[in-house]
Peer 1: 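One structure, as C-alpha cells, below. Some questions next.
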Amino acid sequence: MRFVSVFRYSGVAIDIVWRSSAGLTIAMAMVTLIAGVLPAAIAWVGQLIVDTVVTAIDAEGAAREAATDALLFYIMLELGLVVLMTGAQKANTVCQSVLRALLGNQVNVMILEKALTLELANFEDSEFYDKLVRARREASSRPLSLVIATFDLLRDGISLVSYGFLLFQFSPWAVLLLGLAGVPAFMAEAKYAGEAFRNQRRRSSERRMQIYLEMVLTREDGVKEVKLMQLGRLFLQRYVEIFRRIYKEDRNLVLRRGFWGYALGLIASVAFYFAFGWVAFAAVAGTITLGQMTMYIAVFRQGQGAVTSCLTSINKMYEDNLYLSNLTEYLGHSVAEPTGDKTEGPLPDDGIRFENVSFHYPGSATPALDCINLHIRAGESLAIVGENGSGKTTLIKLLTRLYTPTEGRILFQGLNLQDWDIDALRQRVGVIFQDFARYQLKVGENIGVGDVDYLTDRPLITDAAEKGLAADFIKQMPTDYDTQLGTWFKDGKELSGGQWQKIALSRAFMRSQADVLILDEPTAAIDAKAEADIFAHFRELTANRISIIISHRFSTVRIADHIIVLDQGKVTEQGNHDSLLAKDGQYATLFELQARGYQ
Ligand SMILES: Nc1ncnc2c1ncn2[C@@H]1O[C@H](COP(=O)(O)OP(=O)(O)OP(=O)(O)O)[C@@H](O)[C@H]1O
C-alpha cells in the first residue's frame with residue numbers, strides 16, 4: 001500500500017540522526033513517549049477532580065474533609081503531570097535545535113565525502129549533479145524534519161491508543177467511532193500528499209531549468225551577456241512560463257485538497273457532536289459520572305486533534321521522503337572500484353604509450369577518440385594540434401585517468417594506468433586545463449595548491465610565480481601574496497583573464513617534481529611576448545621530463561620535439577615541425593594560414 005511508503009526513509013533518517021548523536025536521539029524518543037501518554041493521564045486525573053468535587057459537594061463532616069484532601073491531591077497531581085508535559089515539550093524543542101546544527105554538518109560532510117569519491121563523469125551527468133545540488137541545499141533541515149514528523153506520528157499514535165483505552169471503558173463503539181470518523185480524511189490526505197510528492201518528482205527538470213535561469217539572471221558571470229544581448233526579458237519570460245505551468249497543477253491540487261479536507265472534516269465534526277450527545281445523555285441517565293463525562297468529551301476532542309496532527313505529519317513525511325530518496329540515491333551511488341595499488345612502473349624510461357585507445361563519452365554515438373596509437377618518450381616534449389572538438393582535451397583527460405578508455409590501454413612507465421595507485425599517478429602528473437580553477441583564495445594559496453605539500457612554502461611559491469610571469473603584478477597588490485583574489489570575499493581583488501592564466505601557469509610550475517607536465521591551451525589570453533617567455537621557462541623546467549602542450553599558436557607548437565595532429569578523434573599526422581611542413585598536409589595548411597594572418 002502506498003501509505004506505507006511514508007515510512008520508507010524514516011529508518012534512514014533515524015540512522016543519520018543516531019549517528020549525529022545517539023544520546024539526543026534517545027532523549028527525543030523518551031520525550032515522545034512521555035508526550036504521547038501524558039494527555040490521556042491528564043484527562044483521567046481531570047475526571048477524578050470533577051468527581052471528587054461532586055462527592056465533596058454532597059458529603060459532610062469527615063467524609064467532606066477526606067474528599068477535599070483527595071481533591072487537593074488530584075489537583076497537585078494534575079499540576080505535576082502538566083509540568084511534566086510542558087517539560088517534555090520544551091525538552092523536545094531543545095533536542096531538536098541542538099540536533100539540527102549537528103545533523104546539518106553531519107549530512108553535509110557525508111555528501112562532500114561522497115563527492116570526493118565520484119568520477120568526473122558523474123559531475124557531467126545532469127540528473128546526478130542535480131541530486132547532489134538538491135541534497136546539499138536541504139541537508140540541514142530535511143533528515144531532522146523527517147525524524148520529527150515520524151516521532152510526532154508515533155506520539156500521536158500513542159496518544160490515540162491511550163485515548164482509545166479510556167474510551168473503551170465507556171463503549172467499544174465510541175472507540176470505533178473515533179477511529180472511523182478520521183479514516184476518510186486520513187485516506188484523502190494520504191492520496192493528495194502522494195500526488196503532490198509525485199508531481200514534485202516529475203517536475204524536477206523544470207525546477208532545474210528555473211534554478212538555472214535564476215543563476216544566469218543573477219550571477220556576475222551571466223549578467224554581462226544578459227545585459228548586452230538584452231536576454232533579460234526572454235529568460236524571465238521562460239522562468240514565468242514554467243511557474244505558470246507548475247502553478248496550474250498546484251492550484252488544482254490545492255483546491256481539490258481543500259474541498260475534500262473540508263467535506264471530510266465535517267464528518268469528524270458530526271461524529272464529535274454525536275459522541276457529545278451520547279456521553280451527555282449517559283451522564284443524565286446516571287450510567288457515568290459527571291467527571292467521566294468531562295473526561296470522555298475531552299478525550300474524544302483531543303483524539304480528533306491527534307488524528308488531524310497525524311495527517312499533518314504524514315503530509316510532511318511525504319515531502320521529506322522526496323528529499324531523503326534523493327539523498328540516499330546520491331549516497332548509494334556505486335562508485336567504480338578504485339583500481340591499482342602500484343606506485344611505480346617496471347620501465348621507468350618508457351614514457352607514455354597509447355595502444356589502440358578509443359573513447360566514447362557516455363550517450364555519444366561517435367567516438368571522441370578513435371584508435372589512438374602513440375609513444376611519448378621519456379624527456380620528450382609533445383604538442384597536440386587540431387580543430388575545436390577534435391579530441392585534444394579528451395586525450396589529456398584519459399591520460400590523467402579522469403576517464404577510462406572504452407577500448408585499448410594507456411601505459412605509463414610500462415604499467416597500465418588502471419594498475420597505478422591513483423594518488424601516486426596524480427603525484428607524477430601536473431596539468432593545467434584551459435578551464436582552470438580560479439580559487440577565491442589568497443594569491444599565494446592559488447599558486448601553492450599546485451602542490452599541496454608545499455601550500456605555504458613562500459620561496460617555492462615565489463619561484464613558481466616568477467616562472468609563470470605572475471610575480472610582477474603580485475608584488476603590486478596590496479598585501480602581495482596574501483591578497484585575497486576574486487569578488488566573493490571581502491577585499492578580494494579581481495584579475496584580468498591573462499593574469500588569472502599566469503596564476504594558473506605558476507600553479508603548474510609548483511609541480512617541479514612531476515614526471516609529466518601538461519598545459520592544455522593555457523596561454524590563449526596571454527600576450528605573445530609573455531607566452532614566449534613562459535614557454536622558455538616551461539622548457540627549462542621540463543628539460544628531463546615529458547611535457548605536453550595543447551595550443552592553437554604555432555609559434556609555441558613548433559618548438560616541440562614531437563607534434564601530433566588530431567582530426568575527429570584520430571591522429572592524422574605526426575612528426576616534428578620541419579617534417580610536418582615538408583609533408584605539406586593538414587599541419588602545413590594550418591601553419592600557413594596562421595603565418596599569413598601575421599603578415
Ligand atoms: N563531457 C563531455 N561529454 C560529452 N561529450 C564531450 C564532453 N567533452 C567533450 N565532448 C565531445 O568530445 C569531442 C572532443 O572534445 P574535446 O574537448 O576533446 O575537444 P578539443 O580538441 O579539446 O577542442 P577545443 O580545441 O575546442 O578545446 C567533441 O565532439 C565534444 O563535443
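For ligands, and for the atoms within them, numbers begin at 1 and follow the listed sequence.
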Peer 1: Minimum heavy-atom separation for Ala383 to Val557, with atom names?
Peer 2: CB-CG1, 3.8 Å
Peer 1: Would you please write out the protein residues whose heavy atoms approach any atom of ligand 1 to under 4.0 angstrom, listed by chain and number?
Peer 2: Glu124, Tyr361, Ala368, Glu387, Asn388, Gly389, Ser390, Gly391, Lys392, Thr393, Thr394, Tyr403, Gln434, Glu521, His552
Peer 1: Nearest 0.5 Å please: distance from the CD atom of Gln230 over to the CG atom of Leu228.
Peer 2: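 One gets 8.5 Å once the value is rounded to the nearest 0.5 Å.
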Peer 1: Under a 4.0 Å N-O cut-off, is there an ion pair linking Asp320 with Arg142?
Peer 2: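 A salt bridge is present here (some side-chain N lies under 4.0 Å from a carboxylate O).
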Peer 1: Does this structure show an ion pair linking Lys502 with Asp472, if we count only N-O contacts that are shorter than 4.0 Å?
Peer 2: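 Salt bridge between Lys502 and Asp472, a charged N being under 4.0 Å from a carboxylate O: no.
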Peer 1: Less than 4.5 Å apart, side chain to side chain, heavy atoms only: is that true for Phe354 and Leu395?
Peer 2: yes
Peer 1: Applying the side chain to side chain contact (heavy atoms under 4.5 Å, CB included) criterion to Leu580, which one of Gln586, Glu573, His562, Arg558 satisfies it?
Peer 2: Glu573
